[in-house]
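Only one structure is covered here, and it is reproduced in the block below.
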Amino acid sequence: MDSFIAIDFEISNYKRTSICSVGMVFVENKQIVDTHYALVKPEPNFYIPEFIKIHGITHSDTREADSFDVVWNNILPKIGSLPFVAHNKAFDFACLKATLAAYNLPEFANDFYCTLVQSRRVLPHLVNHKLPTVSKHCGYDLTNHHNAMADAHACAAIALKIF
C-alpha cells in the first residue's frame, strides 16, 4: 500500500463516541507528507481516571477544543478517498462509526485496514502484537505510547513495512 492515512483515537471514557484526541499521518507514495493532530471535546464530555492515566488528557485539556463534527469536517477534504490504517482497527473504526452517527454525519466509506491483524499474519514469531512491540520490530521507536499522534506515526511505520 503506497498511499493511506494512519489514524489513532484516544477516548475519555467507555463510550466509543468519547474521542478526546485524534492523530493522523498522511502517506503518499510511501512517504509521510503531512500530519494532523487535534484535541477533541468528547461526547459525552467526561473523563474516567483510568483513561486519564493511559493518555494523560484531562477535561481541562479539551475544555476549549472543537467537537468531533467540527474537527472531522475540517479534515475531511484532505482525506478524500484515501484508505485508513489503524493498529486495532476494531477499536478505531468502532469509535469513528459511533461518533459519526452521534453527530449525524455520513458513514465512512473508505477502505480501512488493520496493522494488528496484518502483523499477526506476517510476523507470527513476535512475542505479542501490541503497537510498541510491532513498531519496534519495524524500526520505529514509539516513545510516547497512547499519544494519538505518536501512535499514528507508529502505525504508519508498521504499515509501510508489512503491507
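Predicted, not measured: the structure shown is a model, and the values here were computed from it.
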- prompt: Can you name the nearest heavy-atom pair linking D151 to H145, along with the distance?
  reply: OD1-ND1, 3.1 Å

message: Aromatic contact between F108 and F84, with the criterion being ring centroids under 6.0 Å apart: yes or no?
response: yes

field: R16 and I11, any side-chain heavy atoms less than 4.5 Å apart
entry: yes

- prompt: So, the side chain of K41 versus the backbone of C20: is there a donor-acceptor pair under 3.5 Å, distance only?
  reply: no

query: Would you say W72 and V40 make side-chain contact, with heavy atoms under 4.5 Å?
result: no

message: Side chains of S12 and F51, heavy atoms from C-beta outward: is any pair under 4.5 Å?
response: no

message: How close do T62 and P42 get, counting heavy atoms only, and between which atoms?
response: OG1-CD, 3.7 Å

- prompt: Do Y103 and E43 have side-chain heavy atoms sitting under 4.5 Å apart?
  reply: yes

task: Indicate yes or no: at least one non-hydrogen side-chain atom of H36 is less than 4.5 angstrom from one of V71.
output: yes

message: Nearest 0.5 Å, please: how far is OH in Y47 from OG in S18?
response: 8.0 Å

field: hydrophobic_cluster_shared for L76 and I5, side chain cutoff 4.5 Å
entry: yes

- prompt: Atom CD1 in I158, atom CG in L123: separation rounded to 0.5 Å?
  reply: 9.0 Å

query: What are the two closest non-hydrogen atoms of K30 and L160, and how far apart are they?
result: CA-CD2, 3.7 Å

query: Quick one: CD1 on I19 to SG on C95, what's the gap to the nearest 0.5 Å?
result: 5.5 Å

- prompt: At what distance, to the nearest 0.5 angstrom, does CG of L96 lie from NZ of K89?
  reply: 11.0 Å

query: Are any side-chain N or O atoms of D8 and backbone N or O atoms of N147, one a donor and one an acceptor, separated by less than 3.5 Å?
result: no

Rounded distance [0.5 Å steps], OG1 in T99 versus CZ in F9: 7.0 Å

- prompt: How about N29: does its CG atom have over 12 heavy atoms from other parts shown lying under 6.0 Å from it?
  reply: no

Reported NE2-to-CG distance for the pair H129 and N88, which is rounded to 0.5 angstrom: 13.0 Å

Closest non-hydrogen atom pair, V25 against H153: CG2-N, 3.6 Å

Polar contact flag, side-chain donor to acceptor under 3.5 angstrom, S67-D69: yes

- request: Would you indicate whether the side-chain heavy atoms of F4 and Y113 approach each other to under 4.5 Å?
  value: no

query: Any link between V127 and I162 through a network of hydrophobic side chains (Ile, Leu, Val, Met, Phe, Trp, Tyr) touching at under 4.5 Å?
result: no

Side-chain touch T17/F68, heavy atoms, less than 4.5 angstrom: no

query: Under a 4.5 Å side-chain heavy-atom rule over Ile, Leu, Val, Met, Phe, Trp and Tyr, are F112 and I75 clustered together?
result: yes

task: Measure from the side-chain N and O atoms of T35 to the backbone N and O of M24, and report whether any donor-acceptor pair falls under 3.5 Å.
output: no

Exercise: identify the closest heavy-atom pair between G23 and A148: N-CB, 3.4 Å

Shortest non-hydrogen contact between P44 and N13, atoms and distance: O-ND2, 3.3 Å

- prompt: Is it the case that one hydrophobic cluster holds both L116 and M1, taking links as side-chain heavy atoms less than 4.5 Å apart, direct or via other members?
  reply: no

task: Using modelled atom types only, decide if a donor and an acceptor are shared between the side chain of N110 and the backbone of L82 within a distance under 3.5 Å.
output: yes

field: F163 reachable from F26 in the ILVMFWY side-chain graph, under 4.5 Å edges
entry: no

